[in-house]
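The next block holds one structure in the form of structure tokens; read it before the comments.
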Amino acid sequence: MYLYKQIRFVKLYFYAGGFPPFMQNTTSRYIIPFFLTFTVGTFLYFEINYRYWSYFMEQYGLFLYKPAYFIRFLKQPGGLSGYMAEFLTQFFCLPYMASLIFSLLIGGSSWLFYLFVKRCGGKIFLPLILLPAGMFWIFPLESIASVVAIFISLVLVNGYTWIRQPVGRYIAGTIGITFAYYLFAPSYLFITLLLSIYEFSIHSKRKYLTGFCWLVYSLLLPLISLRFFYILPVREVFFSRHLFHPEFSIPTSFYWIWFSFSSIAIVLRLMGNIRVSFLKEKYLYPFSWIVLVGFICLALMYGKNPLEQAYRYDYYARSEQWDKIVEHALQNGVKDLSSQRYVNLALSYEGRLNDCLFSFQQSGLEGLIPSDPKTRLELIQASEVAWHLNHTNSSQRFAFVGVLSAERCIQPRLMKRLIETYLVNEEYRLAEKYIKILESSLFYKEWAQSQRSVLDPEIADSVAWIRQKRGWNPVHDNIYDLTKAFPVSLAYLLDDHPENKPAFDYAMVYVLLYKDFQTFMYYMEQLKEAGNSFPVLYQEALCLYFAAIHRDPETFRSYPIDTKVYERFRTFLTSVNRLSPEAIYEQYGDTYYYYAQFVTTPKELF
């Protein structure tokens, strides 16, 4: 008997269309695959365009497994959403995790918004329902706290719509707004608007009074909290400090995204009363699929992150994959100054700076180091370049400023650099301070524990890289800022340690980019006396100098110029007047004499 009932159930199941009960209608059969497709599209979009941006943003959060860390968040409005965002952000360092988290939160928010519109009796026009969540594609935010807050708010709002008793619903709504303010601000305003829309949609008897009271309460709640609980700036009391850096202005995209949910809910509710033929279900769903697939295809084809290359190179530099930077730049070119700095740094690490410098377009000092580092990326780059040039104190200063400029004065990558500089300078107590912080994290704990043993001075003296860096410490005071007086600061480094090859290479690149042949020849004479080899870049510059500036064949022959380099230079001189500009660049664009002849000298900054 039992087996007969099961067989009968299976027959009825397939006769009903082969779908479980919640999918046994045309609407559900279209909608669930529709939202799954949007979620998959979100994953692909963020993975293709914002993978390295996610790696970069992971550095500006450090989730600590400490009770005090959790309590610190709860002491501020919206603290729980910030805490949850930090928890999720720590996994951005893993492949695909950032895109997966974004897609689940954004796709889940779109699904919850659909359920809310359906509960309100609104028209199920899927392209409009997806629009608010889809705006995260257009305006990606620097923190996922906004996405977390919206997702949790929609969960609370949908739970509210299932309460049938009016009085219980009003009490639950008031508690929910209060709960949302203290834990997920500014979602309390978002929830207030959606709850009021729902009350109007179901024609509640007290909809006007309820909506007005909730609106007044949600506006007074931050002021009451400011008066009795918080000592914070007004902006942080109303909007929380966890969505954006407190020193930055709130971007316009924030208002567009948050208020688009309530605006579209109102529009769809009004459309629910419209009876127009083109809004019928048989037309709407095919049209919605066309819009969705078209939007995903266009976004994947043309939706590029303008700083994708810079973030990619920052990730490679962070993981010391210098060869990948050079390889990618050779294949794709250099698109911005931030990328150019990493390419030149990678060439120096690879020992190819003097051979491949003009394989890429150069922009003077700004292509070597930021002249006035202020942004997050610039401070990281300045610290990286200073560290490579063995200017430890400058690297420490840029790293320290970068940590202070982070939202919560925490930046694990730069904190690692601070630990390294403190160990080099034998400031062990300061190094231990940051080691303790990193030991409380998940993904930096192992590295921090490996550095704890180096806090012993005797062990530190035996570590190769520490001993090497200490050997480059300045002998004389170098008072010049590496970014404000780059050539002078390098000159001091070279006076103390002429064998500092990274500093020497950067100094020569600088004087050649600015066509300062007098300084260049001063160092070439020292290089010749030391019996060192001359890279191709120096040989090309010497050929040009003795051919156009100082004609002295005897002195020229004293320099070790390769025959191939000299013959190519002579061919350039004889053919430059008869070739087209395009042909000249194609044949000689990677040489210094082409740069000196046809490229405008960058403007001196000092």
Side-chain angles (χ1 to χ4, degrees), residues 27 29-57 92 95-114 117 122-144 146-147 150-151 154 251-261 263-265 267-268 271 278-312 315 328 331-333 335-336 339:
T27 302
R29 274 182 275 176
Y30 275 111
I31 286 177
I32 291 178
F34 186 86
F35 282 99
L36 288 176
T37 302
F38 174 71
T39 303
V40 172
T42 303
F43 175 84
L44 294 175
Y45 178 77
F46 277 89
E47 182 63 24
I48 292 173
N49 297 305
Y50 290 93
R51 179 197 313 172
Y52 295 101
W53 171 81
S54 302
Y55 288 142
F56 181 79
M57 293 312 302
F92 282 13
Y96 309 111
M97 283 302 298
S99 302
L100 179 62
I101 291 171
F102 271 112
S103 61
L104 291 177
L105 288 174
I106 294 174
S109 297
S110 63
W111 171 255
L112 291 168
F113 185 57
Y114 155 74
V117 171
K123 189 68 179 178
I124 305 302
F125 187 43
L126 294 178
L128 271 183
I129 291 176
L130 286 185
L131 182 59
M135 292 179 75
F136 285 110
W137 291 34
I138 306 171
F139 306 112
L141 303 175
E142 66 177 62
S143 169
I144 64 170
S146 283
V147 192
I150 287 175
F151 179 83
L154 289 170
T252 307
S253 59
F254 167 80
Y255 302 104
W256 280 100
I257 293 173
W258 283 75
F259 289 104
S260 64
F261 282 91
S263 302
I264 290 177
V267 170
L268 292 175
M271 288 175 62
F278 71 84
L279 291 177
K280 289 183 178 180
E281 180 179 303
K282 66 179 182 179
Y283 301 121
L284 278 181
Y285 293 115
F287 175 76
S288 299
W289 273 102
I290 293 173
V291 171
L292 175 64
V293 174
F295 174 73
I296 292 175
C297 292
L298 289 174
L300 294 180
M301 291 171 61
Y302 301 106
K304 302 298 181 183
N305 182 356
L307 287 177
E308 189 273 341
Q309 187 180 58
Y311 291 137
R312 175 192 290 268
Y315 172 73
H328 185 273
Q331 293 177 356
N332 300 276
K335 300 178 181 178
D336 52 76
S339 301

Whether over 12 other heavy atoms sit under 6.0 Å from Tyr302 OH: no
Does Phe287 CZ have over 12 foreign heavy atoms under 6.0 Å away? no
Does Phe136 have any ring-ring contact (aromatic ring centres under 6.0 Å, His included) partners at least two apart in sequence or in another chain, and if so, which? none
Who are the ring-ring contact (aromatic ring centres under 6.0 Å, His included) partners of Tyr315, not counting sequence neighbours? Tyr52, Tyr55
Phe56 and Trp53 aromatic centres sub-6.0 Å: no
Are Phe102 and Phe92, when compared by the centres of their aromatic rings, separated by less than 6.0 Å? yes
Begin from the C-alpha positions of Ile296 and Trp137 and carry the test side chain to side chain contact (heavy atoms under 4.5 Å, CB included) through to its verdict. CA-CA 10 Å; Ile296 292 175; Trp137 291 34; 3.9 Å; yes
For the [atom1] atom of [X] and the [atom2] atom of [Y], what is their distance to the nearest 0.5 Å?
X	Y	atom1	atom2	value
Tyr96	Ile101	OH	CD1	15.0 Å
Leu131	Phe261	CG	CZ	9.0 Å
Leu298	Tyr45	CG	OH	11.5 Å
Asn332	Arg312	CG	CZ	7.5 Å
Phe46	Arg51	CZ	CZ	14.0 Å
Leu100	Phe43	CG	CZ	6.5 Å

Kindly give the heavy-atom pair with the smallest separation between [X] and [Y], and that separation in Å.
X	Y	result
Ile106	Ala133	CG2-O, 3.5 Å
Thr42	Ser103	CG2-CA, 3.7 Å
Leu128	Met271	CD1-SD, 4.2 Å

Quick one: side chains of residues 31-38, donor-acceptor pairs under 3.5 Å with protein atoms, not counting sequence neighbours, listed by atom name and distance.
unit_1 : atom_1 : unit_2 : atom_2 : d
Thr37  : OG1    : Pro33  : O      : 2.7

I want to check something: taking the side chain as every heavy atom from C-beta on, are Phe113 and Pro132 in contact at a cut-off of under 4.5 Å? yes
With heavy-atom distances below 4.5 Å as the criterion, would you say the side chains of Ser146 and Ile257 are in contact? no
Restricting to side-chain hydrogen bond (donor to acceptor under 3.5 Å, both in side chains), what partner residues turn up for [X], sequence neighbours left out?
X	result
Ser339	Gln309, Asp336
Ser288	none
Trp258	none

Side chain to side chain contact (heavy atoms under 4.5 Å, CB included) evaluation trace for Val291 with Leu130: CA-CA 11 Å; Val291 171; Leu130 286 185; over 6 Å; no
